[in-house]
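Encoded as structure tokens, the structure appears first; notes follow it.
In the text below, chain A, chain B and the rest are named by the order of the sequence lines, each starting its count at 1.
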Protein chains: 2
Amino acid sequence: MTVTTMQETHPTETCLKVSQVLGRIGDKWSLLIVTRLGEGSLRFGQLLRSIDDISQRMLTRTLRGLERDGLVRRTVIATLPPRVEYELTDLGRSLQAPVTVLSNWAAENVSTIDAARASYDAGSAGSQGR
Amino acid sequence: MTVTTMQETHPTETCLKVSQVLGRIGDKWSLLIVTRLGEGSLRFGQLLRSIDDISQRMLTRTLRGLERDGLVRRTVIATLPPRVEYELTDLGRSLQAPVTVLSNWAAENVSTIDAARASYDAGSAGSQGR
DNA sequence: CTGTATCCAACTTGATACTG
DNA sequence: CAGTATCAAGTTGGATACAG
């Protein structure tokens with residue numbers, strides 16, 4: 001029962017699920033972290049330096065969120081000082097393919113988007129010079 | 001030089017592009033609208049009723065953003081009262097495939113994420129009942 | 001080293017009212 | 001019908017200081 005074979009093109013339910021997912025990974029840092037972790041497990045400090053526009057606070061918060069959603073596994077090695085390793089779970093790794101698809105689209109179209117934006121802005125308020 | 005052939009797995013530049021793109025479409029409404037428009041062109045009021053959790057203000061703002069980024073085309077038919085048709089551009093339609101991939105992932109994994117979250121929350125603060 | 005707590009500025013969203 | 005303006009509220013992100 002409740003087979004959910006996803007035959008329809010774009011049912012509202014699916015849209016809402018995508019929105020939910022984007023609510024998790026669509027923030028400023030999650031995808032960056034998932035991508036970094038996709039290359040292998042990293043310690044907190046390594047991630048912090050690896051991304052380096054991120055604040056310590058946001059790294060902690062984002063990692064907690066990813067851990068909570070089952071995308072990242074957090075392993076504490078209780079040494080002194082403590083080590084904490086972060087790595088992708090199976091679920092986290094399964095997200096890499098969709099993200100790659102989006103990455104490729106982004107890489108291919110960001111310049112087009114930027115051009116469209118510049119054009120739009122020029123047409124809206126740019127004709128004031130004379 | 002600066003060939004950018006995208007040979008590396010996940011260079012930082014690509015990450016930043018994805019972040020940029022997510023900054024556009026990763027908000028609360030854009031993807032919902034793009035999906036709706038993927039089924040055919042719609043008028044403002046139709047979109048408003050079609051999504052119905054959205055406020056008039058946010059529909060306007062989101063549509064403007066999508067138009068600005070070249071994903072949506074806005075056509076004004078100057079009748080009385082005026083009609084405004086919205087439809088996907090080629091660029092907007094090219095986004096549908098990546099979004100579908102993400103949709104499928106979302107549809108397949110949202111329940112897993114929800115379960116992970118419930119489990120995480122239970123483990124963090126839930127053991128207070130006894 | 002790996003966090004947590006506090007304060008604060010900026011951005012996002014919604015409700016409401018108003019306009020052509 | 002389509003859109004704008006204003007205001008209030010919530011959320012996000014950063015800086016800083018502190019703790020185990």
Side-chain angles (χ1 to χ4, degrees), chain A residues 16 19-34 36-37 41-69 72-87 117 120-121 123-125, chain B residues 15-16 19-33 36-37 41-69 72-87 117 120-121 123-125:
Chain A
L16 293 178
S19 292
Q20 279 184 54
V21 170
L22 279 177
R24 317 282 132 214
I25 64 162
D27 62 58
K28 198 170 172 183
W29 303 114
S30 290
L31 231 46
L32 242 22
I33 293 176
V34 167
R36 278 288 177 289
L37 254 25
S41 74
L42 289 171
R43 294 178 55 186
F44 184 86
Q46 291 177 312
L47 275 169
L48 194 60
R49 283 184 299 275
S50 162
I51 300 183
D52 99 355
D53 272 346
I54 198 172
S55 65
Q56 191 185 46
R57 174 201 154 117
M58 286 317 296
L59 180 56
T60 301
R61 286 171 64 105
T62 308
L63 283 170
R64 284 291 173 282
L66 293 171
E67 185 195 1
R68 185 165 107 108
D69 288 342
V72 161
R73 177 163 35 247
R74 178 173 178 266
T75 310
V76 181
I77 297 106
T79 56
L80 206 66
R83 290 167 60 107
V84 181
E85 292 276 350
Y86 291 93
E87 63 187 322
R117 185 140 12 124
Y120 182 93
D121 292 347
S124 297
Chain B
C15 290
L16 292 178
S19 292
Q20 279 184 52
V21 170
L22 280 177
R24 314 284 132 214
I25 63 162
D27 62 60
K28 199 170 174 185
W29 302 114
S30 290
L31 231 45
L32 243 20
I33 293 175
R36 277 290 177 288
L37 254 25
S41 73
L42 290 170
R43 296 179 53 185
F44 185 87
Q46 291 177 312
L47 275 169
L48 194 61
R49 283 185 298 277
S50 162
I51 301 185
D52 100 354
D53 271 347
I54 197 172
S55 64
Q56 191 186 44
R57 173 200 157 120
M58 286 317 297
L59 181 55
T60 302
R61 286 174 65 103
T62 308
L63 283 170
R64 283 293 173 282
L66 293 170
E67 185 193 2
R68 185 166 106 111
D69 288 344
V72 160
R73 178 165 31 250
R74 177 173 177 267
T75 310
V76 181
I77 297 104
T79 56
L80 206 67
R83 289 169 62 106
V84 181
E85 293 276 351
Y86 291 94
E87 63 185 322
R117 185 141 12 124
Y120 183 94
D121 292 348
S124 298

- [ ] Measure the CG-CG distance between B/Leu59 and B/Leu32 for me, rounded to the nearest 0.5 Å.
- [x] 10.5 Å
- [ ] Mind checking side chain to side chain contact (heavy atoms under 4.5 Å, CB included) for A/Arg83 and listing every partner two or more places apart, or none if nothing turns up?
- [x] A/Arg43, A/Ile77, A/Thr79, A/Glu85
Task: Heavy-atom protein contacts under 4.0 Å, nucleotides 7-20 of chain C, coded B base, S sugar-phosphate only, - none - done: B-----BBB-B--B
Task: Atom pair CD1/CD1 of B/Ile25 and B/Ile33 - distance to nearest 0.5 Å - done: 12.5 Å
Open item on the list: Applying side chain to side chain contact (heavy atoms under 4.5 Å, CB included), can you list everything that pairs with B/Ser50, at least two apart in sequence or on another chain?
Closed with: B/Arg36
TODO: Please round to the nearest 0.5 Å and tell me the distance separating atom CG of A/Leu63 and atom CD1 of A/Ile54.
DONE: 7.5 Å
Open item on the list: Holding to side chain to side chain contact (heavy atoms under 4.5 Å, CB included), I want the full list of residues that pass it with B/Val84, two or more places apart in sequence or in another chain.
Closed with: B/Arg74, B/Val76, B/Tyr86
Task: Five-pair end axes of the helix from C/dC1-D/dG20 to C/dG20-D/dC1 and the angle they enclose, rounded to 10° - done: 40°
Task: Closest contact, heavy atoms only, B/Asp121 versus A/Arg68 - done: OD2-NH1, 2.5 Å
Open item on the list: Applying side chain to side chain donor-acceptor pair (under 3.5 Å), can you list everything that pairs with A/Arg57, at least two apart in sequence or on another chain?
Closed with: none
Task: side chain to side chain contact (heavy atoms under 4.5 Å, CB included) against A/Val34, all qualifying residues, sequence neighbours excluded - done: A/Leu66, A/Leu88
Task: Closest non-hydrogen atom pair between B/Glu87 and B/Leu37, with its separation - done: CA-CG, 4.2 Å
TODO: May I ask you to list the residues of residues 43-51 of chain B, by number, that have any heavy atom positioned under 4.0 Å from an atom of DNA chain C?
DONE: none
Task: Results of side chain to side chain donor-acceptor pair (under 3.5 Å) for B/Arg49 - residues two or more places apart only - done: none
Task: Those residues that, when tested against B/Arg24, pass side chain to side chain donor-acceptor pair (under 3.5 Å) (two or more places apart) - done: none
Open item on the list: Below 4.0 Å from chain A heavy atoms, what is the first contacting nucleotide of DNA chain D and what is the last?
Closed with: D/dG13 to D/dG20
